[in-house]
Amino acid sequence: MSQASQHGKWTLSSSDDDNDDPLPSALNNNSPLLFGSPPPDQHTSSDSNLNPPKIASNFHQPKHDPDPPPSIEVKPEPKSDTVTAAPPLSIGSEARQASQASQLKPVKYESNQSRPFLAGKRKKDDDSISGWALSDSDDDDDDKRSSPKLKKAKVEERPPSPHGRTYYIDEPDDFFETSVPPVNDTYRFYLNKVTGLEKRYNTGALHIKEILSPLFGTLKESVQFNYCFDIAWMLQQYPPEFRDKPVLIVHGDKREAKARLLQQAQPYSQVRFCQAKLDIAFGTHHTKMMLLWYEEGFRVVILTSNMIRADWYQKTQGLWMSPLYLRLPKGSPETAGESPTLFKRDLLEYLGAYRAPEITDWIQRIREHDLSETRVYLIGSTPGRYLGSDMERWGHLRLRKLLHDHTRPIPNEEKWPVIGQFSSIGSMGVDKTKWLAGEFQRTLTTLGKSSLRPDPPMHLIYPSVDDVRTSLEGYPAGGSLPYSIQTAQKQLWLHSYFHRWQAETTGRSHAMPHIKTYMRASPDFTQLAWFLVTSANLSKAAWGALEKNNTQVMVRSYELGVLYVPSAFSMSTFPVQMDVFPATTSSTSFPVPFDLPPKRYSSKDQPWMWNIPYTQAPDTHGNIWVPS
């Protein structure tokens, strides 16, 4: 990966956090609770949440000179020198809004700073906020020092891009495909294109404009299930000839957020809405799916990206794209068009769980199409409390059931590690027995009908502070990684499982992951027993938690993913693909998005926590991070 690919445009970050802890105010990253053992009374778990207040992101100068940011290779300025961008929307969680604020008002790190530690505080100005006033730190140690003179820090609307000003808006001329792109017909699993990478790392990846293009069908109507929407941007991704076609948006917004979403759509008569029912507190509509109805047939896309620009440009994302499903002959029986994985039945059951009249026509359309070529299993979560056999319909118990029924025991399986990779972390409890090992790990270690319950290694992949700092987006990428210090302090035991985000195999080490994947790998990491791509992060809200002495399971959120098992492909295991890109031909090796084996955190590594300051070293744009 070239040095140039380590730097790119500033974008609005997103977060799909389903964190069930209160959203807090910022704390200092020197907290003694980060990596020491907390006292017993600090080991508490919480499933509560608060409405996030408005957030601003401040920047101030660090104490010491760090290593300089990596050098860059400057790309030539694109031809156009005029950029007209719509004002940014305030979308999503508190972490997301902190990221947006930091990108709008960045302050440069000054390597020759010799003054005492300064905290950036926003100027109180009734008319507008045009800059930052630097003041004394709140640290007690600084009380005896002389106060420095206040000065207004230099503020830029955006940091200069090494790729040229219009790189913020325009992709390279050859970024989008003009013919059917190379596709992996075996698994139909794709990564999103990432702006700023060498072209070969995007060969075989997909962008939303390509997914919605005539290359894949003549669109008549579509449905977009998602968590965050920028409707104007989303509609621009449809080609002009499809832009006025009806689109249904399925969302979970309520009250003020719903009002803002509806206001976005006022100029667009083709947009309709379906509000997903969220009857259990702190649940989210986190599913990300497209239903695409063509003149030629029908297609399903299950993905990890929000419908906002940031999620499709400099983050690592993944998707499964179905084959083109053709219409069944008239008079076909209801059971016609089913796949060996019962995907049609499960998709209809998932859509039926919305209990929404707006989706009724789509349920009927799916019944009329042939989904028999599908070779993945659908794994969804829908809010509710489930008893008896219904416990295995959703969440991690659904995954457990599928692994029990459709995988086989493997010799020495206790040595086959479980890998989980995600972008958000909920409250796990005071120790691993409360949920992670007591429930979730038992699910992930299920292989066939064996009664053996081994305790294999578990590798959890979540970006470190340095991963975020050196990313394409810099510190604002952390707005999509909303692990809070309050949650982290209560589960320090979890950090011993953490591994770095490294993805040289796909050229995406500096594209922070918003993808979520789970898998079981061989001891030498060359084979997979199964693979799952999903919207579900590491949280009880997403996967469900047992209640009432394990007699019921409670799920808070809507989630959706697809499970690959070797038996559906007439294989015993999946070989791991070593060099994923350029993807120009179909392969039976599986394209894992990151490097194997995962690299464990060193003693100096810290997991990224969005709501504490990082001031000791600049990111790739020369900025530092202080949310408030």
Side-chain angles (χ1 to χ4, degrees), residues 1-3 5-8 10-11 13-17 29 34-35 66-70 72 95-96 98-99 102 109 191-192 194 196-197 201 304 310-311 313-318 419-425 459-485 488 494-517 537-538 592-625 627:
M1 184 172 179
S2 72
Q3 289 293 330
S5 65
Q6 298 180 26
H7 303 265
W10 281 76
T11 55
S13 292
S14 85
S15 149
D16 292 27
D17 186 28
N29 61 345
L34 279 179
F35 298 100
D67 294 333
I72 59 173
R96 185 195 313 271
S99 177
S102 73
Y109 163 74
L191 298 183
N192 289 19
V194 174
L197 300 188
Y201 291 123
T304 65
D311 271 29
Y313 284 83
Q314 291 192 314
K315 300 185 190 301
T316 300
Q317 306 273 18
I419 300 172
Q421 175 272 310
F422 37 82
S423 61
S424 180
I425 306 169
H459 304 317
L460 301 180
I461 297 175
Y462 178 78
S464 70
V465 173
D466 222 44
D467 292 334
V468 175
R469 183 181 72 84
T470 59
S471 70
L472 289 163
E473 297 174 272
Y475 287 127
S480 298
L481 303 165
Y483 190 30
S484 74
I485 189 173
L494 181 64
H495 299 178
S496 65
Y497 291 92
F498 284 171
H499 292 67
R500 298 279 298 267
W501 171 257
Q502 293 188 330
E504 293 303 307
T505 185
T506 59
R508 284 161 170 76
S509 288
H510 300 287
M512 287 299 94
H514 194 256
I515 191 173
K516 294 88 174 158
T517 57
N537 281 301
L538 186 68
V592 176
F594 48 82
D595 297 343
L596 294 175
K599 181 181 178 181
R600 185 178 295 276
Y601 275 20
S602 73
S603 59
K604 295 181 180 180
D605 289 325
Q606 297 184 25
W608 170 264
M609 287 166 274
W610 78 269
N611 61 337
I612 59 176
Y614 298 104
T615 63
Q616 302 304 303
D619 66 10
T620 47
H621 297 280
N623 296 316
I624 52 180
W625 174 262

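This structure is a prediction, so every number in the text was calculated from the model and none was measured. Sequential numbering from 1 along the given sequence is applied to the chain's residues.
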Taking all non-hydrogen atoms of both residues, which atom of [X] and which atom of [Y] are closest, and how far apart?
X	Y	result
D619	P476	OD2-CD, 3.8 Å
N611	S484	OD1-CA, 3.5 Å
E473	Q314	OE1-O, 3.5 Å

Check for a donor-acceptor pair, side chain of [X] on one end and backbone N or O of [Y] on the other, with a separation under 3.5 Å.
X	Y	value
T304	G318	yes
E504	S509	no
H499	Y497	yes
N537	S424	yes
T316	A511	yes
R508	Y201	yes

May I ask you to test the [X]-[Y] pair for a side-chain heavy-atom distance under 4.5 Å?
X	Y	result
N192	K315	no
S496	L494	no
R469	Y475	yes
L596	T505	no
I419	I461	yes

- prompt: Who passes ring pair (Phe, Tyr, Trp, His ring centres under 6.0 Å) against Y601, sequence neighbours left out?
  reply: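 Listed in chain order: F498.
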message: Could you work out, with ring pair (Phe, Tyr, Trp, His ring centres under 6.0 Å) as the rule, every residue matching W501, not counting sequence neighbours?
response: F594
Nearest-0.5 Å distance that lies between atom [atom1] in [X] and atom [atom2] in [Y]:
X	Y	atom1	atom2	result
L472	M512	CG	CE	8.0 Å
L481	M609	CG	CE	12.0 Å
W608	D467	CH2	CG	11.0 Å
F422	K516	CZ	NZ	11.0 Å
Y462	S423	OH	OG	8.0 Å
H495	S464	NE2	OG	12.5 Å

- prompt: Given T517 and V592, is the side chain to side chain contact (heavy atoms under 4.5 Å, CB included) satisfied, shown in steps?
  reply: CA-CA 9 Å; T517 57; V592 176; over 6 Å; no
Residue pair H510, V194: steps toward the side chain to side chain contact (heavy atoms under 4.5 Å, CB included) verdict: CA-CA 10 Å; H510 300 287; V194 174; over 6 Å; no
Results of side-chain contact (heavy atoms from CB on, under 4.5 Å) for S602 - residues two or more places apart only: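 Result, side-chain contact (heavy atoms from CB on, under 4.5 Å) vs S602: K604, D605.
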